[in-house]
Amino acid sequence: KRYTKAVLKGDPEAQYCLGMLHEYGDGVKQDLERALDLYTKAAERNHPGALFMRAMFLEEGISCEADVPEAMRCYEEAGLRGNPDAMYYMGVFTQHGMNGKTINPLEAIEWYCRAAERGHPEAQYALGAIYEDGEGVDKDIKRAVKWCSVAAKGGSARAQCALGFMYDNGVGLTQDSEKAFELYLMAANQGNDVGQFNVGDAYLNGVGVEKDESEAFKWFTLAANQDNMLAMCNVGYMLQHGIGTGKKESEAFKWYSRGSDAGSELCTFNLAAMYEGGIGVGKDLSKAKELYLKAAEMGMKDAKERAERL
């Protein structure tokens with residue numbers, strides 16, 4: 001009621017807040033059209049948050065016809081007026097040449113820096129990744145470590161994985177497998193599939209944590225269910241050979257099939273081997289040869305030789 005009264009007086013902050021309530025159905029019936037209308041009214045008064053939310057609706061065509069040019073105008077205006085999310089989005093669009101923007105690494109860094117200085121974890125991670133890769137700037141591992149560390153503390157799962165990798169491999173930091181595992185686990189607990197895979201890999205090999213094949217299988221399965229292709233292959237292999245779980249060749253076949261469909265050359269190769277040996281599926285040499293050739297085209301070593309042998 002307080003917001004409604006303020007909205008009637010044309011208060012842009014109230015319009016923005018009431019728009020959020022309608023968007024998420026918080027205390028009111030969810031109404032995306034009403035949310036967009038309120039965001040638009042507040043955006044007309046140059047409210048940074050409302051400009052950003054209006055941009056998102058327009059970009060995706062939520063309760064309206066998509067209008068990318070207008071969305072981009074709103075994103076940029078929101079960024080210029082201090083909205084960190086908009087700054088980050090402008091960095092992404094400029095870095096990758098999206099939504100009509102020309103690829104410009106230096107401009108992307110400017111946008112990311114503005115957002116990072118305002119505490120945006122994903123912008124901080126983006127800067128770390130840019131300095132690690134040397135994209136548009138001189139490669140600078142110290143800056144990469146700095147920004148990934150700040151982003152990881154801020155809760156960025158991608159930064160936690162990146163910093164974990166640095167500790168794991170001694171990149172810009174003293175090698176520390178236990179610290180790497182801690183960071184991977186932080187990312188994994190946020191649902192990040194790379195973090196889940198890395199936790200599974202640590203448990204499988206006993207690196208940074210005590211070896212536990214059943215825990216490895218659990219974490220690989222979580223990652224595989226998010227379409228992580230490496231995890232799909234590992235889940236299939238562990239099911240095929242009874243590592244960390246019961247031996248279930250037919251289930252292994254299903255995971256290899258899913259991984260193959262997703263584009264994994266190793267899953268495709270293993271699937272071919274199952275058809276060749278009649279493991280978890282009826283023996284079918286013709287299908288095996290077809291899959292070996294597919295794996296070879298995907299870059300799998302030895303696959304062509306296996307196909308020729310058949």
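Starting from 1, each residue takes its place in the sequence as its number.
The number of heavy-atom neighbours closer than 6.0 Å to CD of E178, taken from other residues, nucleotides and ligands shown, is 12 or below. The environment of CD in Q175 is crowded: more than 12 heavy-atom neighbours from other residues, nucleotides or ligands sit within 6.0 Å. Within a 6.0 Å radius of CZ in F220, other residues, nucleotides and ligands contribute more than 12 heavy atoms.
Taking hydrophobic clusters as Ile, Leu, Val, Met, Phe, Trp and Tyr residues chained together by side-chain heavy-atom distances below 4.5 Å, M56 shares a cluster with F93. Residues L21 and L36 are members of separate hydrophobic clusters, defined by side-chain heavy-atom contacts under 4.5 angstrom among Ile, Leu, Val, Met, Phe, Trp and Tyr. L204 and M229 fall into different hydrophobic clusters, where Ile, Leu, Val, Met, Phe, Trp and Tyr side chains are chained together by heavy-atom contacts under 4.5 Å. A chain of hydrophobic side-chain contacts below 4.5 Å, direct or via other Ile, Leu, Val, Met, Phe, Trp or Tyr residues, connects Y75 to M20.
For the atom pair CG (L32) and NE2 (H22), the distance works out to 11.0 Å, reported to the nearest 0.5 Å.
No side-chain heavy atom of R258 sits under 4.5 Å from any side-chain heavy atom of D261. No side-chain heavy atom of M300 sits less than 4.5 Å from a side-chain heavy atom of T268.
A salt bridge links R81 with E77; the closest basic N to acidic carboxylate O contact falls under 4.0 Å. In summary, E297 and K294 do not engage in a salt bridge, as defined by a charged side-chain N under 4.0 Å from a carboxylate O.
Taking the six-membered ring for Trp and thresholds of 30 and 60 degrees, Y89 and F52 have ring planes more than 60 degrees apart, a perpendicular arrangement.
By the salt bridge (charged side-chain N to carboxylate O under 4.0 Å, His left out) test, E76 is found to be paired with no residue, residues two or more places apart in sequence or in another chain being considered. Remark: K211 pairs with no residue by the side chain to side chain donor-acceptor pair (under 3.5 Å) rule, at least two apart or across chains. Here K101 pairs with E107 under the salt bridge (charged side-chain N to carboxylate O under 4.0 Å, His left out) rule; sequence neighbours left out. For the side chain to side chain donor-acceptor pair (under 3.5 Å) test, no residue two or more places apart in sequence or in another chain qualifies with E249. Under the side chain to side chain donor-acceptor pair (under 3.5 Å) criterion, N104 pairs with no residue at all, not counting sequence neighbours. Partners of K153 under the side chain to side chain donor-acceptor pair (under 3.5 Å) rule, at least two apart in sequence or in another chain, do not exist in this structure. Shown here are the salt bridge (charged side-chain N to carboxylate O under 4.0 Å, His left out) partners of D133, two or more places apart in sequence or in another chain: there are none.
Under the 4.5 angstrom side-chain criterion for Ile, Leu, Val, Met, Phe, Trp and Tyr, L51 has no cluster partners at all.
Among residue pairs with one or both ends in residues 37-57, those qualifying as salt bridge (charged side-chain N to carboxylate O under 4.0 Å, His left out) are R34-D37, D37-K41, R54-E70; sequence neighbours excluded. Listed by first and then second residue, the side-chain hydrogen bond (donor to acceptor under 3.5 Å, both in side chains) pairs that reach into residues 179-194 are Q160-Q190, D168-Y184, D193-N228, sequence neighbours excluded.
Each of K142, R143, K139 was scored for a side chain to side chain donor-acceptor pair (under 3.5 Å) with Y131, with one residue passing: R143.
Looking only at atom types and distance, the side chain of Y256 has a donor-acceptor partner in the side chain of Q240 under 3.5 Å away.
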Contacts under 3.5 angstrom, residues 114-125 side chains, donor-acceptor by atom type, not counting sequence neighbours:
from: R118; atom 1: NH1; to: R114; atom 2: O; distance (Å): 3.0
from: H120; atom 1: ND1; to: E122; atom 2: N; distance (Å): 3.4
from: H120; atom 1: ND1; to: A123; atom 2: N; distance (Å): 3.2
from: H120; atom 1: NE2; to: D85; atom 2: OD1; distance (Å): 2.9
from: E122; atom 1: OE1; to: R158; atom 2: NE; distance (Å): 3.1
from: E122; atom 1: OE1; to: R158; atom 2: NH2; distance (Å): 2.9
from: E122; atom 1: OE2; to: S156; atom 2: OG; distance (Å): 2.9
from: Q124; atom 1: NE2; to: A116; atom 2: O; distance (Å): 3.2

Side chains of residues 279-289: which donor-acceptor partners sit under 3.5 Å, not counting sequence neighbours?
from: D284; atom 1: OD1; to: S286; atom 2: N; distance (Å): 3.2
from: D284; atom 1: OD1; to: K287; atom 2: N; distance (Å): 3.0

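Considering all non-hydrogen atoms of both residues, L58 and C64 come closest at CD2-SG, 4.0 Å.
Between Y203 and F181, the gap from one ring centroid to the other is short of 6.0 Å.
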Candidate pair W255 and Y237, rule side chain to side chain contact (heavy atoms under 4.5 Å, CB included), full reasoning = CA-CA 9 Å; W255 277 109; Y237 187 86; over 6 Å; no
